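All values reported here derive from a predicted model rather than from experimental measurement. Order of listing sets the numbers, starting from 1, for every ligand and every atom in it.
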Amino acid sequence: MSRTYWVETYGCQMNVSDSELMEGVLTADGYRSVSTPDEADVILVNTCAIRDHAERRVLGRVAELNRVKKNRPGVLIGVCGCMAQRLGERLMEQADYVDMVIGPDAYRSLPQIIDEASRDGGVVDIELNPAENYEGLEMRRASRVSAWIPIQRGCNYRCTYCIVPYTRGDEKNREPGAILAEIQKLADEGITEFTLLGQTVNSYRFDGWNFARLLRAVARVPGVRRLRYTSPHPNDVTRELVEVMAEEEAVCAHLHLPVQSGSNRVLKRMARRYTRKEYTQRVELLRELIPHIALTTDIIVGFPGEKEEDFRETLDLVNEVEYDSAFTFKYSPRDGTPSTRMDPETFVAPEVAQRRLEELIKAVREIAARKNLAEVGSTREVLLEKRARRGNLLQGKTETNKAVLIPGPDEWLGRYMKIALTGTTGATFTGYPIER
Ligand code: SAM
Ligand code: SF4
């Protein structure tokens with residue numbers, strides 16, 4: 001009987017993609033996936049370290065998974081990803097039921113790590129390896145409709161709040177030939193939507209290639225019908241890149257462009273390396289060349305030193321740009337990041353940060369709802385991606401990355417359909433197909 005595994009994923013798209021990689025490595029080694037953790041011999045939890053809240057949730061979940069081990073001794077529990085990298089051995093000291101602590105650069109050796117843990121007990125492998133390029137590893141992809149393609153790992157920016165450069169190491173870019181070959185193969189298998197992934201994906205460089213050149217080349221791979229990328233850094237949004245986005249039909253009219261704050265003072269303390277004006281100039285360029293583009297963003301409130309007037313500037317920016325949606329976060333101090341060493345007197349009181357967060361969420365939602373309401377009554381091309389979790393509906397996305405729910409059979413999954421938008425909850429649309 002082959003051994004079984006269960007992989008659970010928290011955090012960003014890079015983690016979703018990394019989990020597909022781990023599943024691929026295990027499948028290639030003869031492991032079989034199961035549909036609940038209770039049936040698994042090996043349980044892997046792929047974690048996020050970006051905020052304290054996310055880490056605590058995951059620790060709670062790992063403790064809960066210990067019940068599987070109690071029922072079936074011999075089951076192995078592994079913690080992978082950024083939290084594993086950040087905490088290393090400390091994780092095992094805190095939770096002695098954890099058998100493996102596995103950083104992102106060790107996934108290739110998963111079968112050996114598992115063997116070692118079952119033979120000798122606890123294994124910690126968190127070495128960052130600049131030479132690990134992940135080439136030659138086949139992913140076990142969850143979707144036959146759209147694919148995540150990591151083109152870059154790590155990050156060379158050092159935003160003062162962020163743990164990523166410490167958990168993922170310096171930027172590493174994949175060879176363009178390998179990226180194009182992988183996408184061609186998946187397109188040949190029928191996948192039509194691709195999302196290029198990297199922490200600052202548009203800073204991609206390899207020999208004579210920059211990101212604009214790579215994006216154009218991918219857009220021209222036969223079978224690629226929708227192409228996205230995330231997350232870009234505003235500094236690397238060049239005119240050349242926006243021109244490629246505008247010219248290449250496959251590149252979708254949506255960009256997730258993290259801004260973090262609308263205040264120059266705060267942006268500087270965050271070491272984001274752009275001013276508000278430089279950011280909005282990029283927004284203007286995107287809208288000039290791609291008028292129907294949807295823009296989304298990430299915003300942090302309560303960063304050390306953020307005064308009420310700084311927060312007002314963030315609200316003002318949100319109203320100026322009119323984002324289609326935004327991920328909003330309360331600043332969470334991460335050990336070892338430069339922001340934790342700022343003058344404690346500048347730290348924002350938790351209740352103030354909470355109030356700002358609520359005010360920001362309200363502003364973001366109002367704008368999103370207003371924009372989405374204006375789209376009700378129109379027809380959009382929707383790629384039907386999966387069955388929705390509730391209501392026996394299919395879920396798809398517009399070119400601008402907006403979720404649409406429609407009634408329909410499973411045979412429609414993977415199809416592009418013209419959908420009349422009939423309503424919106426503010427964030428998601430309902431609709432019906434106007435042609436079959
Ligand atoms: N590399 C991407 C970028 O630069 O936009 C994403 C980094 S992170 C996975 C996603 C978001 O988490 C960031 O854009 C930021 O808004 C938020 N974030 C990162 N560190 C944080 C912290 N210490 N506290 C609160 N939010 C944080
Ligand atoms: Fe973190 Fe900044 Fe790098 Fe994004 S660009 S991963 S926020 S350090």
Problem set entry | Any N/O pair Ser332/ligand 1 closer than 3.5 Å | yes

Exercise. In this structure, which one of Lys268, Met270, Arg269 forms a side-chain contact (heavy atoms from CB on, under 4.5 Å) with Val266?
Worked result: Met270

Exercise. Does the ring of Tyr134 carry Arg153 above it, NZ/CZ under 6.0 angstrom from centre and within 45° of its axis?
Worked result: yes

Exercise. Which is it for Phe329 and ligand 1 at heavy atoms under 4.0 Å: side chain, backbone, both or neither?
Worked result: side chain

Problem set entry | Test: Asp236 and Arg273 ion pair at under 4.0 Å | no

Exercise. In the protein, what heavy atom is nearest to atom 5 (O) of ligand 1, and what distance, to one decimal place, separates them?
Worked result: Pro258 CG, 3.0 Å

Problem set entry | Residue pair Arg140 / Ser33, side-chain donor-acceptor N/O under 3.5 Å | yes

Exercise. With a 4.0 Å heavy-atom cut-off (strictly under), which part of Arg51 contacts ligand 1: side chain, backbone, both or neither?
Worked result: side chain

Seminar exercise, completed: If we number the atoms of ligand 1 from 1 as shown, the ones under 4.0 Å from a heavy atom of Arg334 are 23 (N)

Problem set entry | atom 20 (N) of ligand 1 [closest protein heavy-atom partner, distance rounded to 0.1 Å] | Tyr161 CD1, 3.3 Å

Problem set entry | Leu186 CG to Met139 CE distance, which is reported to the nearest 0.5 Å | 9.0 Å

Problem set entry | Ring centres under 6.0 angstrom apart (His256, Tyr229) | no

Exercise. Which heavy atom of the protein is the closest neighbour of atom 7 (S) of ligand 2, given with residue, atom name and distance?
Worked result: Tyr161 OH, 3.4 Å

For this session: Could you tell me whether the side chains of Thr160 and Ser339 share a donor-acceptor contact shorter than 3.5 Å?
Result: no

Exercise. Should Glu171 and Arg205 count as an ion pair when the cut-off is N to O under 4.0 Å?
Worked result: no

Seminar exercise, completed: One finds that the ligand 1 atoms under 4.0 Å from a non-hydrogen atom of Lys330 are 24 (N), 25 (C)

For this session: Write out the residue and atom name of the closest protein heavy atom to atom 27 (C) of ligand 1, then the distance separating them to 0.1 Å.
Result: Ile300 CD1, 3.7 Å

For this session: Inspect the contact between Arg370 and Glu366 and indicate whether a charged nitrogen and a carboxylate oxygen are less than 4.0 angstrom apart.
Result: no

For this session: Among all protein heavy atoms, pick the one closest to atom 16 (O) of ligand 1 and tell me residue, atom and distance.
Result: Gln260 OE1, 2.7 Å

Exercise. Which ligand 1 atoms does Tyr331 reach within 4.0 Å, using its non-hydrogen atoms?
Worked result: 24 (N), 25 (C)

Exercise. Quick one: do Arg356 and Glu351 make a salt bridge, cutoff under 4.0 Å?
Worked result: no

Exercise. Of all the non-hydrogen atoms in the protein, which one sits nearest to atom 8 (S) of ligand 1, and at what distance?
Worked result: Ile50 CD1, 3.5 Å

For this session: Taking Asp170 for its side chain and Pro165 for its backbone only, find out whether a donor-acceptor pair lies under 3.5 Å.
Result: no

Exercise. Among protein heavy atoms, which sits nearest to atom 14 (O) of ligand 1, and what does the distance come to when rounded to 0.1 Å?
Worked result: Asp298 OD2, 2.6 Å

Exercise. For atom 1 (N) of ligand 1, what's the nearest protein heavy atom and its distance?
Worked result: Gln199 O, 2.6 Å

Exercise. Near atom 2 (Fe) of ligand 2, which protein N/O/S atoms fall under 2.8 Å?
Worked result: Cys159 SG

Problem set entry | Atom pair OH (Tyr416) and CD (Glu381), whose distance is rounded to the nearest 0.5 Å | 7.0 Å

Exercise. Does the pair Glu193/Arg228 count as a salt bridge with the N-to-O cut at 4.0 Å?
Worked result: yes

